Amino acid sequence: MCYPGVMVRIRAADLSDAAAIADIQVETWRDTYAGLIPDRTLLGLSRTSHTESWRRVLRDSRDGTITRVAEGPDSRVVGFANAGCARPINLPYDGEVYTLYVLPEHQGAGHGRRLLGAMFSALRTAGGRSALVWVLAGNPARFFYEAMGGILVATREEPFHGVVLSECAYGWPDLRHHVEARTQASGSSG
Ligand SMILES: CC(C)(COP(=O)(O)OP(=O)(O)OC[C@H]1O[C@@H](n2cnc3c(N)ncnc32)[C@H](O)[C@@H]1OP(=O)(O)O)[C@@H](O)C(=O)NCCC(=O)NCCS
């Protein structure tokens, strides 16, 4: 689908994006995960420590981690995504999208689709064939992944800060189709 009038640029993240990425992560976690993960975890999120963590990720790309940001027309970073090798699990997927977040007020404008497409393209360029993403079973974002052609491939229960979270994995077994589909769906810059 095209999103007329929405100008956005997807670009590689650099060190100077660490604070903006941390802000988006904290804001979207609080907006999305209230009621899904413990309140004390959400209240304890620290922009400062997230900024430091992202500086480390962006500084050290030797592990092949890919991070892209979506910029709005005023060059403000409104979303980001991060991907790399699939974390060890007994599933036939070689790539994984670790994070994908769009600021609440910018959701529904096509940024998520473009960022996911950018992740798939980058994974393909790095030699990857397939990808998966883990999402909380109670997170409506799972339906975004279904809309993006992901198929439900696994579920698991994960201990997290004193509770057990139900998660599901969506997979794209052949990224070639999705990179092409993304190009056709892209309606503006980026
Ligand atoms: C999930 C998220 C990344 C999607 O990004 P977005 O920019 O809002 O989504 P888009 O506008 O690109 O939507 C693309 C398509 O997915 C559909 N979609 C998006 N969110 C959806 C949802 N919750 N349920 C069903 N469909 C959804 C849209 O309708 C659209 O379909 P269309 O192009 O056929 O109209 C974003 O909403 C977000 O950051 N949510 C909070 C954080 C989060 O949960 N991230 C995922 C963690 S695993």
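Ligands are counted one by one from 1 in listed order, and the atoms in each one are counted from 1 as well. Predicted, not measured: the structure shown is a model, and the values here were computed from it.
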At a 4.0 Å threshold, what atoms of ligand 1 neighbour a non-hydrogen atom of [X]?
| X | value |
| --- | --- |
| G110 | 10 (P), 11 (O), 12 (O) |
| W134 | 48 (S) |
| N139 | 43 (C), 44 (O) |
| Y145 | 46 (C), 48 (S) |
| M148 | 14 (C), 15 (C), 16 (O) |
| T32 | 41 (C), 42 (C), 44 (O) |
| R113 | 12 (O), 32 (P), 33 (O), 34 (O) |

I want to confirm something. Looking only at heavy atoms, which of [options] is nearest to [atom]?
| atom | options | result |
| --- | --- | --- |
| atom 1 (C) of ligand 1 | P140, G79, G112, A141 | A141 |
| atom 47 (C) of ligand 1 | Y33, W29, F80 | Y33 |
| atom 8 (O) of ligand 1 | A109, G108, A147 | G108 |

Answer yes or no: is there a side-chain heavy-atom contact under 4.5 Å between [X] and [Y]?
| X | Y | result |
| --- | --- | --- |
| R68 | R114 | no |
| I89 | R156 | yes |
| W54 | T67 | yes |
| I37 | L136 | yes |
| L132 | Y170 | no |

In terms of the angle between their ring planes, are W172 and Y145 parallel, tilted or perpendicular, with boundaries placed at 30° and 60°?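 Answer is perpendicular, since the angle exceeds 60°.
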How are the rings of Y33 and Y101 set to each other: parallel, tilted or perpendicular (split at 30° and 60°)?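 Rings of Y33 and Y101: perpendicular, as their planes differ by over 60°.
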Under 3.5 Å: N/O of V133 near N/O of ligand 1: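 No, since none of the N or O atoms of V133 sits under 3.5 Å from an N or O of ligand 1.
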Counting both backbone and side chain atoms, is some N or O of V135 under 3.5 Å from an N or O of ligand 1?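 In this structure, V135 places no N or O atom under 3.5 Å from an N or O of ligand 1.
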Indicate whether the side chain of W134 and that of E158 have a donor and an acceptor atom separated by less than 3.5 Å.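 Note: W134 and E158 side chains miss the donor-acceptor criterion.
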